[in-house]
Amino acid sequence: MSLKEVLKEEPHTGYMLANEAIVRAALEADVKVAAFYPGSPQTEILDTFERVSHYRDDIVVEIAANEKVALETAAGAAFVGLRGFTSMKSVGGNVASDTLYSLAYTGVKGGLVVVIADDPYAHSSQSEQDGRWFGYTAYLPMLEPSNPQEAYEMVKKAFELSEKYGSVVLVRTTTRVNHQSGLVKVGKLERTPFDKLSWKENRRSYATVGSLARKFKAELLEKIAKMKEDPEFLALNRVEYFDGKEAKEVKPEEAKGIGVITSGVSYSYVLESLQKLGGEAYVLKLGVLNPIPEKLIGDFIEGLDKVVVVEELFPYIEGFVRQIAKERNPNLEIIGKKSGHFLEMLEYNVPIVIKVLAEVLGRELPFDYEGHFKRMWELAKLAPPRMPTFCAGCPHRATFWALRRAMGRPENYYLANDIGCYSMLALEHIGWTDSLLAMGASLGIAHGVQHSAQERVVALVGDSTFFHAALPGIVNAIRNNSKMTLIILDNAVTAMTGQQAHPGSPKKVNPYEKRIDIESVLRGLGVEKIVVIDSFQARKNIGKLREALKYDGLSVVISRGDCALYHFREYRRAGGKIVPYFVDKEACERAYNCIRDFGCPAIVIDETDLKAKILPEVCVGCGVCSQLCPHNAIHSTAILYGGEDKPYVTIEDYRELEQIMLRRGGQ
Amino acid sequence: MNVIYCGVGGQGIVLMSNIVGEACARKGIHVVSGELHGLSQRSGSVIVHQRIGEGLSPLIPYGEADVILALEPMEALRYIYFLKPGGTVITNTRLIHHPYETENFVKGKIDKYITYEEIVENIRKSGAKLYEIDALKLAEEAGTALAQNVVLVGALTALPDFPIDKETMLEAVKASVPEKAVEANVRAFELGYKAVKELL
């Protein structure tokens, strides 16, 4: 990542990820308070902001307990008059939406910009939710960039528009925009010092209820109507004529024949397709998704015979086009999802878009994309699948191995999974999960299931998810005497998104942060049965887990073990070296307990003797596999240097080993 | 030039495209990259699309990549449908077996691991020009096994139609890796560069 591109004060052009360009834009806009909860595809915004905050003292950056609190933190700043910023993934928008819909009513004083990052194809999400409806249904302006340069420009513009209208401004992105890099031309980074303002001087009411709400609603309708006519908003949309080689800007009324309406990353697929086809067409590229520029669309389609609407997910724009066409051009042929040309699911790409455009323009495809894909796939499918899986040294793998043994027959249980690295338990091959829906949902679902199913119910939740959304479900389970076992996977960080800090984490973004202890929270709430286990003591944990599963009531197991990626990064920084394990080939009897149902990437089969082999470059020395071996064939390589047969994963232990090795003359 | 960078999560795939991106910035050459972060880090398959000089969208259309640069051979084959007919594959020669493959092995669903020869045979069948690089060996020779990705960036730079000069690429390498690892990475780059020059 190019932090230096984000921090460089002079105007320049740098290679940036859109998420970094967004941070640069917010910094140039003098944002003062930024708060986030991590979630793909927008996590790098948070990560970049966090790193920026180490270099600048004119900004507050926090990781909030969840997206709703993050939005409220940024909104609080904007109420007082400072600029606030937050971003969230599509489904994070659901968590924040309760406050968002009210914020639309109250408005803000300082600029408040909210990025909502959708994930078509559900690369790393539980659904392909379309966040464009947040803008429309909340009466909030929403912009959509199609590349890193536009992301930079629109976020900067969004702050101005936010203050002009005293309104939150939403910026909608998708994975292919957030995770797109390119050359971004940025302006000068000029910031003011962080000074608190006087609330007395800035006081106004942000209370919305009943008659107050109705007053706000009337104002809100006026605001959004004004935005629809505002040249500043309209300038974010663009009409282009593509002559077969390049695009030039034209007036909407000039459009005739065949037109295309698109926005976001789809715009780049449209333009690239037209280039390849050498086709002529008028293109309306929407930068504003709400309020939808109805007059502009009407002017654009009035003279057209056919219009192709290219947008991923919902036929959102298409719906407006169909409505507007009834009045402005009833004979217009509208090609989109309703006509069966495009899917309402998955991501698009050039081969998908060019196929439709070639048909509409009556041109030959320049290349047989589908045929080529099919022929090559016949060769490619030889490569075995490579799904994401638990890392070497991951505490979850050890916990799940022990849980499976404690259960004996997993089919006699209901397993309610949740959102985090442990979600991977639900993926193909392992596939050991009954339900997995949303952050913290395992608790409520498990409670309902324990009312209804004869089998014992087990709920899983991570430490970050515990604070994010599981607490109300836990309170509910305690209050209603739920008979279930909750397993809290405490790995010290929000692991899946890149090991960020959370309220229970030893890691901090700001020195003033306090660490909240999960066990104390549960004791305070009145949980009577709490079992704390060390995730890496897999064999010993079987009995403890069995006890928790048999408990007649709510039992909570806290499985503590640091995320391997986080732990070993810190360990290496402190000077520790990895001490891997190895298989004693004399003792190995090919029982494969270390492989079956364990799946560590460091353990493979040695094809020369069909015995297990540990890859020293992958193994981190957690030593869990040695507990699984019935023939005591797995040991720490420390014994080869005179050390003990135990994991060397703490810096203290490693120092001891170093001393032993030094005494032996560094052998 | 369209380049697919691929490999296994954790191998430093995004760094490869970042180095080339940085070099493009230095030369003022148009560049667009499509990356995937997140889930794919966990030993999963990782792919980055990069359009250098031309190409607007962040995804290379099927059959239009000039080069596949793979840190792992199975990943080169997995994405072979992106390669243009007669395009170039530069692949590391060391296989990384996924734990599911190993599990299938002990459960008797397969009776051997897939071999490098089988993978490479299918890459050849696609009509690709193939350059095989033992990146681990070269990276270790350069001083750090972690520099396998930079070995491959050197290899990519040696291709005759690669649009950026070697000096600019070296500057970009220096600017993109941690300070204390600059020397080893420069050596890694040179070794990768030399390896492909010899194969040309």
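Below, read A as the first sequence line, B as the second, and so on, with proteins coming before strands; counting in each chain starts at 1.
There is a side-chain donor-acceptor pair under 3.5 Å between S181(A) and E35(B). When only modelled atom types and interatomic distance are considered, Y267(A) and S57(B) share no side-chain donor-acceptor pair under 3.5 Å.
For Y369(A), the parts sitting under 4.5 Å from any heavy atom of chain B are the backbone and the side chain alike.
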key: Intermediate values then yes/no, side-chain contact (heavy atoms from CB on, under 4.5 Å), E22(B) and E5(A)   = CA-CA 10 Å; E22(B) 170 70 27; E5(A) 303 290 352; 3.8 Å; yes

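Salt bridge R386(A)/E72(B): present, at least one basic N to carboxylate O contact under 4.0 Å.
Counting only heavy atoms from C-beta outward, the side chains of K276(A) and P61(B) approach each other to under 4.5 Å. The shortest side-chain heavy-atom distance between V106(B) and I605(A) falls under the 4.5 Å cut-off. Counting heavy atoms from C-beta on, the side chains of Q180(A) and V32(B) come closer than 4.5 Å. Contact of the E607(A) side chain with the F105(B) side chain is registered, since non-hydrogen atoms from C-beta on lie closer than 4.5 Å. Here the side chains of P385(A) and H98(B) are not in contact, with every heavy-atom distance at 4.5 Å or above. Residues Y15(A) and S33(B) meet the side-chain proximity criterion, which asks for heavy atoms closer than 4.5 Å. At least one side-chain heavy atom of T175(A) sits less than 4.5 Å from a side-chain heavy atom of L36(B).
Ranked by non-hydrogen atom pairs under 4.5 Å with chain A, the options F82(B), Y81(B), Y79(B) are led by Y81(B).
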